[in-house]
Amino acid sequence: EISARKKQAHAQLNRLRELVADISFQYSHVIRAAPRKAVRTRGHQNVRRIGHELVFHARIYSRCRMRLVQLGCDPETLRVFRVLTKADLRASTAIVNPNIAGSTSLRLSWLWHIRRWQILGSVKRVHWLRARAQRQRWHEELTLVAYEMQWTVRYWTRESSKWRSALDIPSASAGAKAYAHRKYLFWYKMALVADKAFQQS
């Protein structure tokens, strides 16, 4: 019976993945791209229909897993067939709305890491491309930050030199020279503090 329950659980998980992917597709390619209200209405009706089917298969999987626990299944199998939550059945926001706030921290549910299904390759591909783009963006950001540190120190050093040269103007009044001296010290100290902080980082 344990072997039969495992096959049943795999079949239910496969169907759940298909349904979640279908909901994501309905939102991204039907509802969002609908040219008319009638198309959006049919899209929402399809989402509700798929949602009901999703709940049905989720209940079957939960009961199947409960039966595996009752049969004394080994811990390794139970680590594969985890407890199903509502968060695991949400539509992939990376497909529904690629620019949603917080999308850089999106992670696929454990449902997508059990087996590779060709029919669902696009879902995993979207998340893989997002993860690769995020990695490349951080590498680019690291390079830019290193250069920005140098540019900041150079700019403040140039500003201090500019105000330092203002002190040598013969026609400048005492008040103007005092002001130039204060600005020179301000930019010079900023450059020193920034350079020290950047070298320690």
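What you see below is based on every heavy atom in this structure, not just the backbone, and it leaves out hydrogens, waters and symmetry mates.
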*Asks:* List, one per line, each side-chain donor-acceptor pair under 3.5 Å for residues 171-186, sequence neighbours excluded.
*Replies:*
| residue | atom | partner | partner atom | Å |
| --- | --- | --- | --- | --- |
| Ser173 | OG | Ala176 | N | 3.2 |

*Asks:* Indicate the ring-plane relationship of Phe81 and His10, choosing parallel, tilted or perpendicular according to the 30° and 60° boundaries.
*Replies:* perpendicular

*Asks:* Taking only residues two or more places apart in sequence, or in another chain, which ones meet Asp168 in a side-chain hydrogen bond (donor to acceptor under 3.5 Å, both in side chains)?
*Replies:* none

*Asks:* I'd like to know whether Gln45 forms a side chain to side chain donor-acceptor pair (under 3.5 Å) with Arg42, so could you lay out the CA-CA distance, the side-chain angles of the two residues, the decisive distance to 0.1 Å, and finally the verdict.
*Replies:* CA-CA 5 Å; Gln45 290 175 349; Arg42 285 196 298 270; over 6 Å; no

*Asks:* Under 4.5 Å side-chain heavy-atom separation, chaining through any Ile, Leu, Val, Met, Phe, Trp or Tyr, what else clusters with Met149? Say none if it is isolated.
*Replies:* Val145, Val153, Phe198

*Asks:* Which pairs count as side chain to side chain donor-acceptor pair (under 3.5 Å) when at least one residue sits in residues 146-158, sequence neighbours excluded?
*Replies:* none

*Asks:* Between the side chains of Arg79 and Glu76, is the shortest nitrogen-to-carboxylate-oxygen separation below 4.0 Å, so that they form an ion pair?
*Replies:* yes

*Asks:* Taking ILVMFWY side chains as joined if any heavy atoms are under 4.5 angstrom apart, and letting links pass through other members, which residues group with Ile60?
*Replies:* Phe56

*Asks:* Are Arg65 and Leu78 close enough, and set up right, to give a side chain to side chain contact (heavy atoms under 4.5 Å, CB included), and what steps lead you there?
*Replies:* CA-CA 8 Å; Arg65 186 186 185 280; Leu78 296 180; 4.3 Å; yes

*Asks:* Less than 4.5 Å apart, any side-chain heavy atom of Cys73 and any of Lys6?
*Replies:* yes

*Asks:* Could you state whether Ile2 and Leu13 fall into the same hydrophobic cluster, counting links through intermediate Ile, Leu, Val, Met, Phe, Trp or Tyr residues with side-chain heavy atoms under 4.5 angstrom apart?
*Replies:* yes

*Asks:* Hey, could you give me the CD/CG distance between Gln12 and Leu84, rounded to the nearest 0.5 Å?
*Replies:* 10.5 Å

*Asks:* Is any side-chain heavy atom of Glu159 closer than 4.5 Å to a side-chain heavy atom of Lys162?
*Replies:* yes

*Asks:* When rounded to the nearest 0.5 angstrom, what is the spacing between CD in Glu140 and OG1 in Thr143?
*Replies:* 7.5 Å

*Asks:* Between His52 and Arg49, is any pair of side-chain heavy atoms under 4.5 Å apart?
*Replies:* no

*Asks:* Is Arg137 paired with Glu141 through a side-chain N to carboxylate O contact shorter than 4.0 Å?
*Replies:* no

*Asks:* For Arg15, check salt bridge (Lys or Arg N to Asp or Glu O under 4.0 Å) against everything at least two apart and list the hits.
*Replies:* Glu18, Glu53

*Asks:* Any donor-acceptor pair under 3.5 Å linking the side chain of Arg67 with the backbone of Arg5?
*Replies:* no

*Asks:* First locate atom CD of Gln70, then atom CD of Glu1, and finally report the distance between them rounded to the nearest 0.5 Å.
*Replies:* 9.5 Å

*Asks:* Can you tell me how far apart CG (Leu54) and CZ (Arg59) are? Round to the nearest 0.5 Å.
*Replies:* 11.0 Å

*Asks:* With a 4.5 Å heavy-atom cut-off, do Arg17 and Asn14 have their side chains touching?
*Replies:* yes

*Asks:* Do Leu167 and Arg164 make a side-chain contact, defined as non-hydrogen atoms from C-beta onward lying under 4.5 Å apart?
*Replies:* yes

*Asks:* Which distance, rounded to the nearest 0.5 Å, do you find between the CG of Leu68 and the OH of Tyr61?
*Replies:* 8.5 Å

*Asks:* Out of curiosity, Asp22 CG to Ile50 CD1, how far, rounded to the nearest 0.5 Å?
*Replies:* 3.5 Å

